[in-house]
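What follows is one structure encoded as structure tokens, with my remarks underneath.
All values below come from the heavy atoms of this structure, side chains included, with hydrogens, waters and symmetry mates left out. The structure presented is a predicted model; accordingly, all values stated were derived computationally and were not measured.
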Number of protein chains: 2
Amino acid sequence: MAGGATRAQIVAAADRLFYEQGFEHTSFTAIAEAVGLSRGNFYYHFKSKDEILAAVIGCRVEATRAMLRQWEDEAAGPAERIRRFIRIVETNGADIRDYGCPVGTLTAELAKLRHPSRPEATALFTLFRDWLRAQFTALGRARDADELALHVLAFSQGVAALANAFGDQDFVRREVERQEAWLAALDS
Amino acid sequence: MAGGATRAQIVAAADRLFYEQGFEHTSFTAIAEAVGLSRGNFYYHFKSKDEILAAVIGCRVEATRAMLRQWEDEAAGPAERIRRFIRIVETNGADIRDYGCPVGTLTAELAKLRHPSRPEATALFTLFRDWLRAQFTALGRARDADELALHVLAFSQGVAALANAFGDQDFVRREVERQEAWLAALDS
DNA sequence: GTCTATAAGCTGATAGAC
DNA sequence: GTCTATCAGCTTATAGAC
């Protein structure tokens with residue numbers, strides 16, 4: 001297989017499995033089966049499981065950055081951009097119902113494991129936090145922009161947790177509407 | 001050791017360790033060390049690890065019921081009772097910062113593990129949901145009591161997730177104030 | 001009821017052939 | 001770069017002595 005194609009395949013499979021089954025519960029055997037490789041060959045690409053995790057987090061950071069850039073390009077103004085974020089729990093509704101928020105569940109697991117890569121996982125939250133803060137600042141709320149950013153982040157985490165627990169998509173829709181109304185009131 | 005005292009000690013130690021380290025990550029060895037027993041003796045009290053989990057969840061159900069009863073007794077009216085719930089993320093601030101919400105993190109882990117005891121863990125959420133719904137009904141909001149109950153539950157889950165990720169107690173305090181203001185506006 | 005000894009299986013990780 | 005064979009360690013769980 002040419003270049004880093006196999007490596008990228010491993011990272012993609014691990015990314016999905018870590019999300020669906022959790023980091024610790026996902027074995028090398030499971031990743032190997034998903035990619036179609038033998039267990040032994042893994043260590044040519046990664047020296048340890050923690051190294052795969054680091055690569056997965058790096059991959060998610062890049063994907064998040066790209067998504068935020070896209071929102072930046074496509075959305076008309078800061079309010080519309082924040083709405084994009086608010087709606088993400090509905091956009092990714094099926095996955096969140098089945099597996100929760102990828103950032104929130106990974107961060108929580110690594111915290112309990114006292115895993116060395118925990119700060120890198122938390123940095124995924126910071127990516128959204130900083131981006132949201134910039135949007136609220138552009139909305140003329142520079143003074144409490146960070147507080148508002150955390151509030152919106154907390155909203156998405158709470159909705160994701162309960163959507164995963166109860167599997168109730170109507171609840172998600174109602175909460176998105178409520179949060180959009182809150183944003184509209186803030187913007188006016 | 002007399003009666004079910006050892007059993008109760010095992011459940012208490014497992015309860016704490018499942019919370020701090022996660023269910024799967026907690027080994028029999030760790031529980032045995034915490035209680036001061038040998039690994040082998042465990043199977044006199046519990047046939048499997050899953051049986052300990054079931055006992056831990058049962059224990060948490062009882063503790064939650066007792067807490068809700070206490071709030072029922074001590075608080076003046078439904079609004080004050082809901083405030084008690086809202087403040088719990090601040091009351092249990094240190095634990096939540098270190099380990100997240102005990103209900104939310106367990107439910108999320110069991111969902112990823114596709115564990116048979118997952119419904120029992122979700123029932124812990126339902127306990128709070130039903131109790132909150134009763135309080136909102138008593139507040140004269142019978143029509144949307146369940147929606148409001150889920151909204152308050154989502155608030156606590158979101159705050160717990162971010163408190164755990166960022167370790168920011170000021171954020172928790174601000175969100176509690178915001179939610180109390182929301183409740184006051186609802187009540188008037 | 002508690003202990004020690006041990007089984008059986010899975011885990012991450014390594015060595016060396018091709 | 002990929003394979004097979006294998007290691008050492010940990011896991012849950014069992015058997016049987018005291």
*Between C:dT11 and A:Ser27, is there an OP1 or OP2 to side-chain N/O distance shorter than 4.0 Å?*
yes
*Any B:Thr29 side-chain N or O less than 4.0 Å from OP1/OP2 of D:dC10*: no
_B:Glu72 versus B:Trp131, side-chain donor and acceptor atoms under 3.5 Å_ = yes
*Ignoring the backbone of A:Ser38, work out which of C:dG12, D:dC3, D:dT2 is nearest its side chain.*
D:dC3
*Should B:Tyr44 be listed as having a side-chain N or O under 4.0 Å from OP1 or OP2 of C:dT2?*
no
*Between A:Tyr43 and C:dT14, does any side-chain N or O lie under 4.0 Å from OP1 or OP2?*
no
*asked:* Rounding to an integer number of Å, can you tell me how far A:His25 NE2 sits from C:dG12 P?
replied: 11 Å
*Between D:dG1, C:dC3, D:dT12, which nucleotide gets closest to the side-chain atoms of B:Phe28?*
D:dT12
_Nucleotide of C:dC3, D:dT2, D:dA13 approaching A:His45 most closely (side-chain heavy atoms)_ = D:dT2
_Check for me whether the distance between the ring centres of A:His25 and A:Phe18 falls short of 6.0 Å._
no
*With a distance cut-off below 6.0 Å to the six-membered ring centre and an angular limit of 45° from the axis, does B:Lys47 pair with B:Phe42 as a cation-pi contact?*
no
_Whichever of B:Gly36 and A:Gly40 has its nearest DNA chain C nucleotide further upstream toward 5'_ = B:Gly36
